[in-house]
Structures are given as structure tokens and as C-alpha cells.
Colleague: 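I have a structure I would like to understand better, so I am pasting it below and will then ask my questions one at a time.
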Amino acid sequence: MKSDIRKVRNIGISAHIDSGKTTLTERILYYTKRIHTIHDVKGKDGVGATMDSMELERERGITIASAATFCEWSDHEINIIDTPGHVDFTIEVERSLRVLDGAVLVLCSVGGVQSQSITVDQQMRRYHVPCLAFINKCDRSGANPSRVTAQLKEKLGHNAVALQIPIGLEADFEGVIDLIAMKALYFDGDKGEKVRIEDIPASLLADAEKKREELIDAASMFSDKLMEAAIEGNVTQEMLIEAIRKGTLVRKLTPVIIGSAYKNKGVQPLLDAVTNFLPCPSDVENQALDPDNNETPVILASDPKKPLVALAFKLEDGQYGQLTYIRVYQGILAKGENIVNVRTGKKLKVGRVVRMHANQMEEIESIPAGYIGALFGIDCASGDTFVSPGISLTMTSMYVPEPVISLAIVPKDNKSEINMSKALNRFSKEDPTFKTFVSDETGDTIISGMGELHLEVYIERMRREYNAEVTTGMPRVAYRETITRHAEFNYVHKKQTGGSGQYGRVAGYIEPTADGEDFVFENKVTGGSIPTQYIPACEKGFRNCLAKGPKMEFPVTGVKIVINDGASHSVDSSDMAFQAAARGAFLEGYAKAKPVIHEPIMKVVVETPSEFQGQVMGSLNQRRGMIVAAQDEGPICVIEAQVPLADMFGYSTVLRSSTQGKAQFTMEFATYRQIPQSVEEELVKKAAEQKKRAA
């Protein structure tokens with residue numbers, strides 16, 4: 001590793017699904033001589049792209065986990081992370097952008113700015129990541145880079161400025177005109193590896209000069225020197241590059257590059273733009289918090305001589321044990337040194353230190369400040385901070401969205417059960433958006449995640465990587481029972497079995513609670529008709545009835561019980577007798593108090609392009625949804641609704657198909673509400689069938 005921090009670039013490549021991120025990374029690796037042949041994402045050669053190293057990724061032709069690699073271009077070292085575009089794997093983008101200094105936002109020249117481009121842009125904004133835009137697929141029919149540049153301004157609010165214009169488009173796409181050098185670039189050779197520099201064709205000269213004026217106008221806002229030179233008419237390339245870099249670093253300017261990764265055109269100028277305009281680690285201000293000093297922010301310096309501060313941003317379980325991807329912000333992380341995990345306070349010794357190239361690795365001695373590497377055999381969680389002994393600083397954590405969908409899984413046999421628990425343990429440690437728990441009510445193992453594809457991929461990985469065969473069921477909705485009116489009870493429990501018997505009488509009433517509490521017990525017994533020592537037994541008897549309601553065996557909530565009378569026997573009364581009397585009294589009062597079933601209602605927020613507003617509202621109404629609000633935010637319409645959880649399963653698929661994959665939704669618990677009569681009848685019918693089957 002070279003030590004000149006100014007020659008290092010940590011970049012991410014992120015975009016909407018199917019914009020060509022992985023294909024672009026593949027070309028970058030080829031031109032920087034990291035790989036010697038190019039493989040396609042949906043490879044007919046059966047190899048698949050270098051960065052899609054997981055078998056599942058190659059089959060589906062999508063990126064599931066972010067992969068890291070590094071390469072060299074014109075004396076600069078570039079660390080690259082290729083991230084997924086699918087909304088279900090949003091945490092992979094989130095954690096990559098958290099540790100990167102710059103990014104390349106890839107856009108399709110036909111699709112333009114799509115929903116996931118908007119999400120990725122929000123993530124870049126959250127972590128203040130400067131970016132370049134690369135408009136890919138200029139060889140496709142319908143390609144229109146200038147329309148996409150306009151969308152960058154309108155939809156994402158970027159000050160987007162073109163650094164190039166195309167020579168021909170669609171099937172006639174031949175090359176690009178570089179507006180900084182004012183030269184035409186063509187890409188010759190079988191794989192576009194030879195860049196041929198020519199004069200600009202006469203037919204495009206006027207257009208190129210006009211666009212260059214626009215570029216100089218935009219860039220001169222960041223450099224007085226350039227502004228003066230523009231007035232005098234002697235602008236140099238160096239001045240222009242310096243001004244564009246200044247604007248890009250403060251996120252006030254987004255340079256736009258064009259090309260076609262698949263057709264091997266325009267990738268080398270993109271690499272030049274990465275080295276010219278994106279930040280090196282020392283250009284970015286990174287902060288850590290001091291927990292001993294009221295979480296005061298401390299600015300870190302990309303200096304190898306200072307004490308170590310590093311962040312573990314991703315875990316992977318490889319064939320050699322746990323691999324921890326790490327970004328060093330300050331100091332140096334060297335083999336054999338002691339480091340401290342701030343979260344646990346544990347001291348650890350650094351064993352193997354490696355650099356990653358997709359799923360291959362290279363042993364190294366140390367990772368200096370500003371670099372990304374990986375460690376082996378270190379026990380930690382995603383988001384942990386490592387420091388030198390004696391200092392206590394912690395990096396700010398990344399944003400983790402809440403899971404929106406759950407699924408019950410059942411192992412087929414004992415061996416699968418053991419393997420399943422190993423898999424779940426690893427997956428939940430690796431992926432903060434994947435959660436697992438055992439339901440108290442059904443006893444099922446429940447997994448939750450960001451969408452159906454997310455869970456589908458994990459179930460498939462359990463099968464392949466852990467040999468755990470599991471069957472999935474529809475997750476059982478957590479229904480509740482409650483009562484709707486006041487009812488009296490007066491119950492006598494009497495049992496004579498030779499010797500001392502059992503006797504207890506409990507009287508009072510049952511009614512719904514006023515302020516949403518689950519259970520209230522009140523003792524209004526006077527005159528000792530129930531001796532004081534038996535009152536706790538009465539309460540325990542009532543409480544025991546709440547776990548399974550008499551109506552349909554769902555948990556009972558929102559019940560207030562008041563006892564005001566009773567009777568006891570000097571010999572036959574006992575704790576047991578009064579518990580039994582309370583149970584009988586509960587069943588008697590509950591039956592008269594008009595019990596009903598409540599279901600969980602979710603707050604669902606759908607973000608969709610305005611043209612699909614009607615379809616989305618229709619799909620929510622079909623699911624017994626109640627539209628609460630709908631408002632337009634630019635080209636996106638945000639619809640908020642309350643929908644029963646029971647009707648939300650499978651919704652992500654329906655939503656994607658009805659909106660061409662452009663809409664996305666979030667879902668969280670809102671309240672419990674009574675279910676309609678028709679749904680209740682359906683539930684009763686299902687429960688009866690299950691009992692019949694069990695019998």
C-alpha cells in the first residue's frame with residue numbers, strides 16, 4: 001500500500017436495480033488490470049460477474065451483498081464497494097455509504113431517475129457523500145442523457161452539469177466528447193481498452209462549445225480564478241478541474257459522465273473523473289463521539305501516527321471464520337497489535353489482516369488511516385468501533401430501518417433445527433435489518449426483514465449454506481380478544497371428596513377498561529365475606545384466564561374485574577378453592593359481556609410516482625385499508641393508510657407489479673381494532689377445521 005493519502009479514493013457504486021452497477025464495476029476491474037477477462041452479470045459462460053460471488057447472486061442476476069475490491073488507476077488507489085439496488089437490501093447500501101468518502105450514482109439513460117435512485121440519493125445526503133453521476137446504457141433505444149441530467153436537477157435537486165456529450169446515441173453510440181479537454185474520445189479494440197483521442201467532429205462543435213460555456217459558468221461559482229479567466233477567455237484544463245472538484249466536494253455540484261459499460265464505452269473517462277473530482281480520505285471530515293464527555297463530537301484526522309479509531313461496518317461468515325470489514329479513520333491497524341472494542345470494553349489481539357477482492361483475499365501487514373480492509377477471528381457486531389487502548393471514542397452508528405414483514409419457519413427434522421439456529425444466529429449478527437424471535441403465542445420461530453425477497457434469500461441461504469430444510473408458513477396474525485360491556489358474576493365453587501372439600505364463592509362484575517390497560521383488578525369486598533388472605537388467590541385465578549380467551553383462545557386484553565362479595569368456609573376454603581372460584585366467575589361474566597376479537601392495524605405509507613396513485617389507492621382499498629392522507633411531493637405521491645396486518649401479506653409483490661417496480665412502502669404497528677363480522681366467521685371456521693385435523 002502506498003502511503004500518500006491524497007492518492008486514495010474510497011468509492012461506492014450504487015443505483016436503482018438493473019442500472020448496470022455490477023457490469024460497470026466489472027469493466028473498471030478489467031481496465032485497471034485487476035481481472036483479465038470480462039464476465040457478464042447474467043453470464044452465459046456460467047461464471048457470472050466477479051463482484052457477484054454468491055451462487056444465488058449469479059442465478060438471479062442481482063447483487064444481494066455489497067462486495068469490496070480495490071484497483072489502481074493513473075497512480076491512484078481506488079477502493080470500490082459494489083452495492084445492491086434492490087430496496088429489500090437497503091442496509092447493504094446504508095452501511096457502505098457510511099464508510100465511503102465518495103460515490104458514483106449510476107443512472108439508466110432510458111429509465112432515468114427511478115425510485116431506488118431517489119432512496120440512494122437520500123442515503124448519500126444522510127452521510128454527506130459527494131458523488132458523480134454516470135449515465136449508463138447510452139447504446140439502448142430510447143437513450144436520452146440530457147433528459148436524465150434534467151431529472152437529476154428536478155427530481156433530486158442536484159446541480160448537475162454535463163462534462164461530456166455523446167457522439168451518436170442508441171445503436172449509433174460511438175464515443176463521447178470531453179468538454180474539459182475539448183476532444184472527442186473513441187473506444188477501440190475488442191473490449192474498448194484503447195482510447196483514441198481525435199478532434200471534435202465539425203457537426204458537433206457548436207453544441208460542444210455551448211455546453212462547455214454552461215460547464216464553465218457552473219464551475220466558476222467555486223473559483224474566482226476561473227471566473228476571471230473565463231472573462232478574459234483563457235480558461236485552462238487545470239483551473240476547470242480544480243473548480244469542479246471544489247464544487248463536488250461540498251455537494252454543490254454533480255459532474256455527469258456518460259457511457260455504456262456493457263458496450264465498453266466511457267469507463268476510462270469515469271475513472272479519470274473519480275481520481276480528479278471525488279474526495280481523498282483527508283478531504284472528508286469524520287467525527288467520533290466521546291462517551292466520557294457528554295458525547296462531544298471529536299474530529300478525526302486521517303493520520304497514521306495518531307491513536308487508532310476504526311469502524312466494523314459489515315460482517316461475513318466465510319470458510320475461515322468470521323470476516324470483519326473495517327474502515328480505519330485514524331491511526332494504523334497492524335497485525336499483532338492490541339485493540340479495544342468500545343461497545344463491549346474487551347481487549348482483542350489483531351490476527352490476520354487482509355484486503356478483499358470480491359471473495360478472494362490478499363494478506364497484508366496493516367491497514368493505515370483512510371483505507372478499507374478486513375480482519376479475521378474478531379468477535380464483534382456490525383457497527384462496533386475499535387480504538388487503541390487508553391482512548392474512548394465511538395463512531396456514530398448507521399441508520400437501520402425497521403423490518404416490515406415476518407414469516408413463520410419450521411425445521412423439517414432435528415438436524416435441520418440445529419443448523420437453522422446456527423444460520424439464524426449468524427444472519428441476525430451480519431444483517432441488522434434481519435430479526436428473529438420465538439412467538440410466545442404460537443411457539444413458531446418468526447423471522448422479520450425488509451421484504452419478501454429479503455426473507456426468501458435468507459431461507460434459500462439456510463438451505464444451501466447450512467443444509468437446513470425449513471418450511472415456511474403464513475405468519476399467524478396476533479389477534480386479541482376483549483369485551484364490550486359490563487356484566488355481573490356470582491359463582492360458587494363447591495367440591496366434596498371425603499375429608500376436607502373445596503369451597504369458595506366470588507361475586508362482582510367485569511367491564512372494559514377505560515384507558516387501554518390490559519388488566520385491572522379491584523377489591524371492593526367488605527365485612528370479611530372473603531378473608532383477606534384469599535384475595536391474591538382470586539386475582540391469580542382471574543389472571544390465569546387471560547392467556548387464552550374462552551371465545552377463540554386468543555389472549556384477552558382490556559378487562560377490568562371488580563369483586564364485591566363472596567363467602568368462605570372455615571374448613572373447606574383454601575387458595576386452590578378461590579382460584580377455581582375466580583376461574584368459574586370469569587367464564588360466567590365473560591360470556592355475558594359480549595366478547596369480540598381485535599386485530600392489529602398497521603400504518604402503511606406508500607411512496608409512488610403520481611401516475612400510479614389510482615392503482616395504489618385501489619390496492620389498499622381491496623385490503624380493507626382506510627386512506628388517511630395523500631399528498632404530492634414533487635413527482636412522488638405519498639399515501640398514508642391504515643390496513644389490517646392480516647391483509648398485508650404478499651403486498652410488496654402486488655405493489656411492485658402494479659407500479660412497474662417504482663413504488664415502495666413502509667409498515668409499522670398502529671393500533672388494535674375490532675374485526676368485521678364476516679372476517680370473524682371466517683376465523684371461527686378455520687379454527688374449527690384445525691381442531692378437526694388435530695383430532
Side-chain angles (χ1 to χ4, degrees), residues 6-7 9 11 74 76 101-105 107 109 113 121 124-125 128-135 144-167 175-185 197 199-202 204-259 266 268-285:
R6 293 190 306 274
K7 294 275 177 87
R9 300 286 179 272
I11 64 161
S74 64
H76 285 68
D101 304 321
V104 176
L105 176 62
L107 299 157
S109 66
V113 173
D121 182 63
M124 286 181 190
R125 197 166 290 148
H128 308 293
V129 177
C131 74
L132 302 172
F134 178 68
I135 300 176
N144 187 346
S146 52
R147 180 178 63 88
V148 183
T149 309
Q151 284 185 346
L152 271 168
K153 294 176 183 170
E154 293 156 23
K155 293 191 174 184
L156 300 181
H158 281 245
N159 179 11
V161 54
L163 302 191
Q164 300 170 341
I165 59 170
I167 303 172
V176 296
I177 291 171
D178 179 351
L179 300 175
I180 296 174
M182 283 304 271
K183 289 286 180 194
L185 308 179
I197 301 172
D199 287 337
I200 296 171
L204 292 169
L205 195 57
D207 196 18
E209 281 169 350
K210 179 171 157 266
K211 290 284 184 197
R212 189 170 200 254
E213 284 303 312
E214 287 174 19
L215 173 61
I216 293 170
D217 279 355
S220 59
M221 302 303 290
F222 305 96
S223 163
D224 295 342
K225 199 161 89 179
L226 177 66
M227 197 174 270
E228 283 168 25
I231 294 164
E232 290 161 15
N234 55 0
V235 172
T236 65
Q237 285 189 43
E238 288 70 32
M239 278 180 201
L240 198 46
I241 288 171
E242 192 188 328
I244 296 169
R245 180 179 172 81
K246 270 189 191 162
T248 308
L249 294 189
V250 292
R251 282 182 56 85
K252 297 266 173 69
L253 191 73
T254 304
V256 179
I257 314 282
I258 58 177
Q268 295 94 326
L270 172 66
L271 283 165
D272 291 336
V274 165
T275 56
N276 285 335
F277 308 126
L278 287 183
C280 71
S282 53
D283 288 330
V284 179
E285 186 182 284

Colleague: Is the shortest heavy-atom distance from the side chain of Ile197 to the side chain of Leu185 under 4.5 Å?
Modeller: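 When only atoms from C-beta onward are counted, Leu185 and Ile197 do touch, with a gap below 4.5 Å.
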
Colleague: Please lay out, stage by stage, how Lys155 and Asp121 fare under the test salt bridge (Lys or Arg N to Asp or Glu O under 4.0 Å).
Modeller: CA-CA 10 Å; Lys155 293 191 174 184; Asp121 182 63; over 6 Å; no

Colleague: Can you list everything that forms a side-chain contact (heavy atoms from CB on, under 4.5 Å) with Val161? Sequence neighbours excluded, please.
Modeller: Leu215, Ala218, Leu253

Colleague: Which residue, Leu163, Leu132, Ile258, forms the side-chain contact (heavy atoms from CB on, under 4.5 Å) with Leu270?
Modeller: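 So the option named by the test is Leu132.
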
Colleague: Quick one: are Met221 and Lys252 in side-chain contact, heavy atoms under 4.5 Å?
Modeller: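 They are not in side-chain contact.
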
Colleague: Should we say atom CE of Met227 is surrounded by more than 12 heavy atoms from elsewhere, each under 6.0 Å from it?
Modeller: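 Counting other residues, nucleotides and ligands, CE of Met227 exceeds 12 neighbours.
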
Colleague: Could you state the interatomic distance from CD1 (Ile177) to CD (Glu209), rounded to the nearest 0.5 Å?
Modeller: 10.5 Å

Colleague: Whether the side chain of Arg245 engages the backbone of Asn276 through a donor-acceptor N/O pair (distance < 3.5 Å, no angle test) should be reported.
Modeller: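 Pair found, side chain donor or acceptor close to backbone of Asn276.
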
Colleague: Where is the tightest heavy-atom contact between Val284 and Pro279, given as atom of each residue plus distance?
Modeller: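 Taking every non-hydrogen atom into account, CG2-CB, 3.8 Å.
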
Colleague: Spell out, as yes or no, whether a donor-acceptor pair under 3.5 Å connects the side chain of Asp178 to the backbone of Lys183.
Modeller: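 Judged by distance alone, no pair lies under 3.5 Å.
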
Colleague: For Asn234 and Thr236, what are the C-alpha separation, side-chain angles and deciding distance, and is it a side chain to side chain donor-acceptor pair (under 3.5 Å)?
Modeller: CA-CA 6 Å; Asn234 55 0; Thr236 65; over 6 Å; no

Colleague: Can you find a pair of side-chain heavy atoms, one from Ser223 and one from Glu242, that are under 4.5 Å apart?
Modeller: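 No, side chains not in contact.
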
Colleague: For the atom pair CZ (Arg212) and CD1 (Ile200), what is the distance rounded to the nearest 0.5 Å?
Modeller: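 Answer for the CZ-CD1 pair, Arg212 versus Ile200, is 9.0 Å.
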
Colleague: To the nearest 0.5 Å, tell me how far Asp101 CG sits from Leu278 CG.
Modeller: 9.0 Å

Colleague: Of all residues at least two apart in sequence or in a different chain, which pass the side-chain contact (heavy atoms from CB on, under 4.5 Å) check with Thr275?
Modeller: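 With sequence neighbours excluded, Thr275 shows a side-chain contact (heavy atoms from CB on, under 4.5 Å) to Trp73, Ser74, His76, Ile78, given in chain and number order.
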
Colleague: Does some side-chain heavy atom of Ile241 sit less than 4.5 Å from a side-chain heavy atom of Phe277?
Modeller: yes

Colleague: Below 4.5 Å, heavy atoms only, C-beta onward: do Leu105 and Thr254 meet side chain to side chain?
Modeller: no

